[in-house]
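Since the structure comes first, as structure tokens, the remarks are kept for the end.
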Amino acid sequence: MTIRTGAKIDAAQIDAALAAHAEWKNRLSKAATDKNRDLPVGTICRDDRCAFGEWFYARPKVDQLQPCPHHVRRLHAAFHMMAGNIALDIAVGDFQVALDKIHSANFRRMSDDLATALSAWKSMDDAQGRRSA
């Protein structure tokens, strides 16, 4: 999935971010189930290495620090740290521990909170676009 760069966020950018992060949950689950240790742990734990993170951190600082984007950034970073910890469990062979974390209420809540924040940002941006049109 490709996130377009630019000052304005749009529905396609948020939708791409949501799909990409859902895919990572599936990829981690499959890796743990298949006992595939070959995951880029050092990349997964970084929120600036996915397409959304690259796009986000390329935005002007003033845009990043607005309340809604700042909240998204914090949740996005926390998601990547949690996913990175799961990837590390898989890399060292703790497959059941990784699966337990993937299916935990904590990981589900983290994913849901990120999705909710991204959707709220998308709604705010849509509303601002309608007002300026």
Side-chain angles (χ1 to χ4, degrees):
M1 303 246 151
T2 301
I3 306 289
R4 293 190 307 271
T5 59
K8 184 176 176 3
I9 194 166
D10 65 26
Q13 290 168 318
I14 295 294
D15 292 342
L18 289 166
H21 288 89
E23 179 54 36
W24 263 109
K25 290 189 302 184
N26 293 333
R27 186 173 175 188
L28 289 171
S29 184
K30 182 166 176 36
T33 301
D34 294 349
K35 297 181 172 43
N36 176 6
R37 295 180 180 198
D38 189 27
L39 291 172
V41 176
T43 301
I44 295 169
C45 68
R46 298 207 33 198
D47 73 322
D48 62 342
R49 293 290 178 97
C50 69
F52 178 79
E54 289 173 0
W55 172 83
F56 184 88
Y57 287 110
R59 293 172 59 85
K61 281 284 188 205
V62 69
D63 291 347
Q64 293 178 30
L65 296 174
Q66 295 301 312
C68 193
H70 183 69
H71 181 62
V72 167
R73 185 201 57 78
R74 284 193 336 258
L75 291 170
H76 183 245
F79 175 87
H80 274 273
M81 286 304 297
M82 190 174 285
N85 286 331
I86 293 169
L88 182 59
D89 290 333
I90 295 167
V92 299
D94 289 335
F95 305 112
Q96 190 56 52
V97 170
L99 286 169
D100 290 346
K101 288 179 181 179
I102 291 166
H103 299 295
S104 72
N106 193 30
F107 192 62
R108 187 171 33 258
R109 185 173 34 259
M110 172 66 61
S111 297
D112 291 348
D113 288 351
L114 177 57
T116 298
L118 283 164
S119 295
W121 190 11
K122 176 178 152 179
S123 295
M124 269 182 53
D125 195 66
D126 287 347
Q128 288 173 350
R130 283 191 299 273
R131 280 195 299 270
S132 64

(request) Check the pair N106 / M82 against side-chain contact (heavy atoms from CB on, under 4.5 Å), numbers first and verdict last. (result) CA-CA 10 Å; N106 193 30; M82 190 174 285; 3.4 Å; yes
(request) Would you check, one step at a time, whether the test side-chain contact (heavy atoms from CB on, under 4.5 Å) holds for F107 with I86? (result) CA-CA 10 Å; F107 192 62; I86 293 169; 3.9 Å; yes
(request) Any chance you could lay out the side-chain contact (heavy atoms from CB on, under 4.5 Å) test for F79 and K25, step after step, and finish with the verdict? (result) CA-CA 10 Å; F79 175 87; K25 290 189 302 184; 4.1 Å; yes
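- Under the 4.5 Å side-chain heavy-atom criterion for Ile, Leu, Val, Met, Phe, Trp and Tyr, V41 and I102 are members of distinct hydrophobic clusters.
- Atom CD in Q64 sits 4.5 Å away from atom CZ in F56 (nearest 0.5 Å).
- Closest approach of L75 and D113 over heavy atoms only: CD1-O, 3.5 Å.
- Hydrophobic clustering (ILVMFWY, side-chain heavy atoms < 4.5 Å, transitive): M110 and V97 are in distinct clusters.
- For the pair L18 and S119, the tightest heavy-atom approach, listed with the atom from each and the gap, is CD1-OG, 4.2 Å.
- Here D94 contributes atom CG and N85 contributes atom CG; the two are 12.0 Å apart, rounded to the nearest 0.5 Å.
- Side-chain contact of R73 with H76: a donor-acceptor pair under 3.5 Å is absent, judged by distance alone.
- Minimum interatomic distance between G84 and C45 (heavy atoms only, all atoms of both residues): CA-CB, 3.8 Å.
- In this structure, CG in L114 is found 9.0 Å from NE2 in H71, a value given to the nearest 0.5 Å.
- Within the model, atoms CG of N36 and CG of L28 stand 10.5 Å from one another, a figure rounded to the nearest 0.5 Å.
- Residues W55 and I14 share a hydrophobic cluster, clusters being chains of Ile/Leu/Val/Met/Phe/Trp/Tyr side chains in contact below 4.5 Å.
- When all heavy atoms of K30 and D34 are compared, the closest pair comes out as NZ-OD2, 2.5 Å.
- When all heavy atoms of I44 and H80 are compared, the pair lying nearest together is O-ND1, 2.7 Å.
- Taking all atoms of both residues into account, the shortest heavy-atom contact from P40 to R27 is CD-NH2, 4.3 Å.
- Hydrophobic clustering, with ILVMFWY side chains joined whenever heavy atoms are under 4.5 angstrom apart, keeps M81 apart from I90.
- By the rule that hydrophobic residues join a cluster once side-chain heavy atoms approach within less than 4.5 Å of another member, L39 and V92 end up as members of separate clusters.
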